[in-house]
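Here's the structure, in structure tokens; my notes come after.
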Protein chains: 2
Amino acid sequence: MVNYEHPGLDQAFLALSDPTRRAIVARLARGECTVGELSTPFPISAPAISKHLRLLERAGLIERRRVGRTLRCRLNPTTLDTALDWITTQRRFWNDSFDRLADLLAEAKKSENP
Amino acid sequence: MVNYEHPGLDQAFLALSDPTRRAIVARLARGECTVGELSTPFPISAPAISKHLRLLERAGLIERRRVGRTLRCRLNPTTLDTALDWITTQRRFWNDSFDRLADLLAEAKKSENP
DNA sequence: TCTATTATTAACCTTATGGTTAATTATGAA
DNA sequence: TTCATAATTAACCATAAGGTTAATAATAGA
């Protein structure tokens, strides 16, 4: 039984599973901004946003720093890349798999002699 | 306030946030197999695995079909691609963002006149 | 110092996740 | 028909997510 744990991925994917948090990530991918600016588009309370930001920060997807009396947020692309890499790897295995190759060959043969 | 909902992505990312489910996806990316074969490596009960499979199926990441008295599972790469696309898009925005460009230019200038 | 602004923490509620054991369904084989 | 195998559903429990309102902290500015 191999070790298949990866808490970083757990948190990253969990963070991306909520529409509000994905919208926040999308906003920050277009440039950093304050918590207040992030909150504006959403119909939920400020504490709700604050919780989302805490979860995103815990997941390593964003960083917050105080500037005067505002908190400025920025995306940390590293964690996004970690998630990207995992999916890409699995996707590649799927394409390379012998099973799939066999299926494709069968398909090719069928379209040759229909 | 734009529509930022995407239930498909919610379910896909949620499904990928659990280590057992990621291990199942990774296994199926290497070729289809039965529920029993999937269960073997894990230290949890059969019903627990069954629940994970239900969640993965609901998310559109896998498909199950009966063959004799076994259930064979296979990966559905489409949903994986949907998740991949979302992350890739955000990643691209981040790279292209004006803020980042300004930062990079500042960096370049600094290394020119240190 | 007093006040307004920005954002968080505290306390609470509801729902879903992830696990368990026991019971049930579906199929194959004797 | 009866028995064994493969896997699920049922019933239950603990924990965490996602939301609320009320209270608190930190800073800027009059």
Side-chain angles (χ1 to χ4, degrees), chain A residues 1 3-28 32-74, chain B residues 1 3-28 32-74:
Chain A
M1 192 176 62
N3 177 30
Y4 53 89
E5 306 275 341
H6 189 145
L9 278 180
D10 293 8
Q11 294 187 305
F13 283 127
L14 179 65
L16 295 177
S17 74
D18 179 88
T20 303
R21 287 192 297 262
R22 279 198 308 279
I24 289 172
V25 167
R27 171 68 187 78
L28 293 178
E32 73 173 67
C33 67
T34 68
V35 171
E37 289 164 347
L38 279 179
S39 307
T40 314
F42 301 104
I44 60 178
S45 66
I49 296 288
S50 195
K51 282 190 179 186
H52 284 306
L53 294 177
R54 189 156 51 98
L55 204 150
L56 284 165
E57 197 170 44
R58 200 178 63 193
L61 281 165
I62 71 164
E63 285 153 20
R64 279 180 290 188
R65 67 181 196 286
R66 191 163 270 291
V67 173
R69 69 185 137 179
T70 70
L71 287 182
R72 296 196 67 80
C73 304
R74 67 183 307 170
Chain B
M1 193 174 63
N3 178 30
Y4 54 89
E5 306 275 341
H6 189 146
L9 278 181
D10 292 9
Q11 294 187 305
F13 282 127
L14 179 65
L16 296 177
S17 73
D18 179 89
T20 303
R21 287 192 297 262
R22 280 198 308 279
I24 289 172
V25 167
R27 170 67 186 77
L28 293 179
E32 74 173 65
C33 66
T34 68
V35 171
E37 290 164 346
L38 278 179
S39 306
T40 312
F42 301 105
I44 59 178
S45 67
I49 296 289
S50 193
K51 281 190 180 186
H52 284 306
L53 294 176
R54 190 157 51 97
L55 204 149
L56 284 164
E57 197 169 46
R58 197 178 67 194
L61 281 164
I62 71 164
E63 284 152 22
R64 279 179 291 186
R65 66 181 196 285
R66 174 142 244 132
V67 174
R69 69 186 138 181
T70 70
L71 288 182
R72 295 198 65 81
C73 304
R74 68 183 305 171

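None of the values given here were measured: they were computed from a predicted structure. Order of the sequence lines sets the chain letters (A, B, ...), proteins ahead of strands, with each chain counted from 1.
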Checklist entry - Starting at the 5' end of DNA chain C and moving along, which residue's nearest nucleotide shows up first, B/Leu14 or B/Gly68? => result B/Leu14
Item to check | Rounded distance (nearest 0.5 Å) linking atom CG of B/Leu16 with atom CG of A/Leu16 | outcome: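 Answer for the CG-CG pair, B/Leu16 versus A/Leu16, is 10.0 Å.
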Item to check | Distance, nearest 0.5 Å, that separates CG of B/Leu71 from CZ of B/Arg69 | outcome: 12.5 Å
What pair of heavy atoms forms the shortest contact from [X] to [Y], and how long is it?
{"X": "A/Ala12", "Y": "A/Leu61", "value": "O-CD1, 4.1 Å"}
{"X": "A/Asp18", "Y": "B/Asp10", "value": "C-OD1, 4.4 Å"}
{"X": "A/Leu14", "Y": "B/Ser17", "value": "N-CB, 3.4 Å"}
{"X": "B/Pro19", "Y": "A/Tyr4", "value": "O-CD1, 3.4 Å"}

Checklist entry - In residues 56-67 of chain A, which residues come under 4.0 Å of DNA chain D by heavy atom? => result A/Arg58, A/Arg66
Item to check | side-chain contact (heavy atoms from CB on, under 4.5 Å) partners of A/Arg58, counting only residues at least two apart | outcome: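 Here the qualifying residues are A/Gln11, A/Leu55.
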Could you tell me the separation between the [atom1] atom of [X] and the [atom2] atom of [N], rounded to a whole number of Å?
{"X": "A/Tyr4", "N": "C/dG18", "atom1": "OH", "atom2": "C1'", "result": "12 Å"}
{"X": "A/Glu37", "N": "C/dT6", "atom1": "CD", "atom2": "C1'", "result": "12 Å"}
{"X": "B/Phe42", "N": "D/dA7", "atom1": "CZ", "atom2": "P", "result": "14 Å"}
{"X": "A/Arg72", "N": "D/dT27", "atom1": "CZ", "atom2": "P", "result": "17 Å"}
{"X": "B/Leu71", "N": "C/dT27", "atom1": "CG", "atom2": "C1'", "result": "11 Å"}
{"X": "B/Arg22", "N": "C/dG18", "atom1": "CZ", "atom2": "P", "result": "11 Å"}
{"X": "B/Asp10", "N": "D/dA17", "atom1": "CG", "atom2": "C1'", "result": "13 Å"}
{"X": "B/Arg21", "N": "C/dT17", "atom1": "CZ", "atom2": "C1'", "result": "8 Å"}

Checklist entry - What nucleic acid atoms does B/Thr34 come within less than 4.0 Å of, heavy atoms only: base, sugar-phosphate, or nothing? => result sugar-phosphate
Checklist entry - Just checking A/Leu55: base, sugar-phosphate only, or nothing, at a heavy-atom cut-off of under 4.0 Å? => result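 Touches sugar-phosphate only.
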Item to check | Main-chain N/O of A/Arg72 paired to A/Arg65 side chain as donor or acceptor, under 3.5 Å | outcome: no
Identify every side-chain donor-acceptor pair in residues 41-52 of chain A under 3.5 Å, counting partners at least two apart or on other chains, and give the distances.
unit_1  : atom_1 : unit_2  : atom_2 : d
A/Ser45 : OG     : A/Ala48 : N      : 3.3
A/His52 : ND1    : A/Arg21 : NH1    : 3.1

Checklist entry - OP1, OP2 of D/dG29 versus side-chain N and O of A/Arg69: anything below 4.0 Å? => result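 It does not, given that no N or O in the side chain of A/Arg69 lies less than 4.0 Å from OP1 or OP2 of D/dG29.
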Checklist entry - Do any side-chain nitrogens or oxygens of A/Arg54 fall under 4.0 Å of OP1 or OP2 in D/dA17? => result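 Checking D/dA17 against A/Arg54, no side-chain N or O comes under 4.0 Å of OP1 or OP2.
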Next on the checklist: Going by salt bridge (charged side-chain N to carboxylate O under 4.0 Å, His left out), name the residues that satisfy it together with A/Arg66, two or more places apart in sequence or in a different chain.
Outcome noted: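 By the salt bridge (charged side-chain N to carboxylate O under 4.0 Å, His left out) rule, A/Arg66 matches no residue at all.
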Checklist outcome for this item: Contacts of A/Arg64 meeting salt bridge (charged side-chain N to carboxylate O under 4.0 Å, His left out) (sequence neighbours excluded), chain-then-number -> A/Glu57
Checklist entry - Through what angle, rounded to 10 degrees, does the axis of the helix from C/dT1-D/dA30 to C/dA30-D/dT1 turn between its ends, using five pairs per end? => result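 Inter-axis angle at the termini of the helix from C/dT1-D/dA30 to C/dA30-D/dT1: 10°.
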Under 3.5 Å, which protein N or O atoms sit close to an N or O of nucleotides 19-24 of chain C? Give each pair with its distance.
unit_1 : atom_1 : unit_2  : atom_2 : d
C/dG19 : OP2    : B/His52 : NE2    : 2.3
C/dG19 : N7     : B/Lys51 : NZ     : 3.1
C/dG19 : O6     : B/Lys51 : NZ     : 2.2
C/dT20 : OP2    : B/Ser45 : N      : 2.9
C/dT20 : OP2    : B/Ser45 : OG     : 2.6

Checklist entry - Among all residues two or more places apart in sequence or in another chain, which pass the side-chain hydrogen bond (donor to acceptor under 3.5 Å, both in side chains) test with B/Arg27? => result none
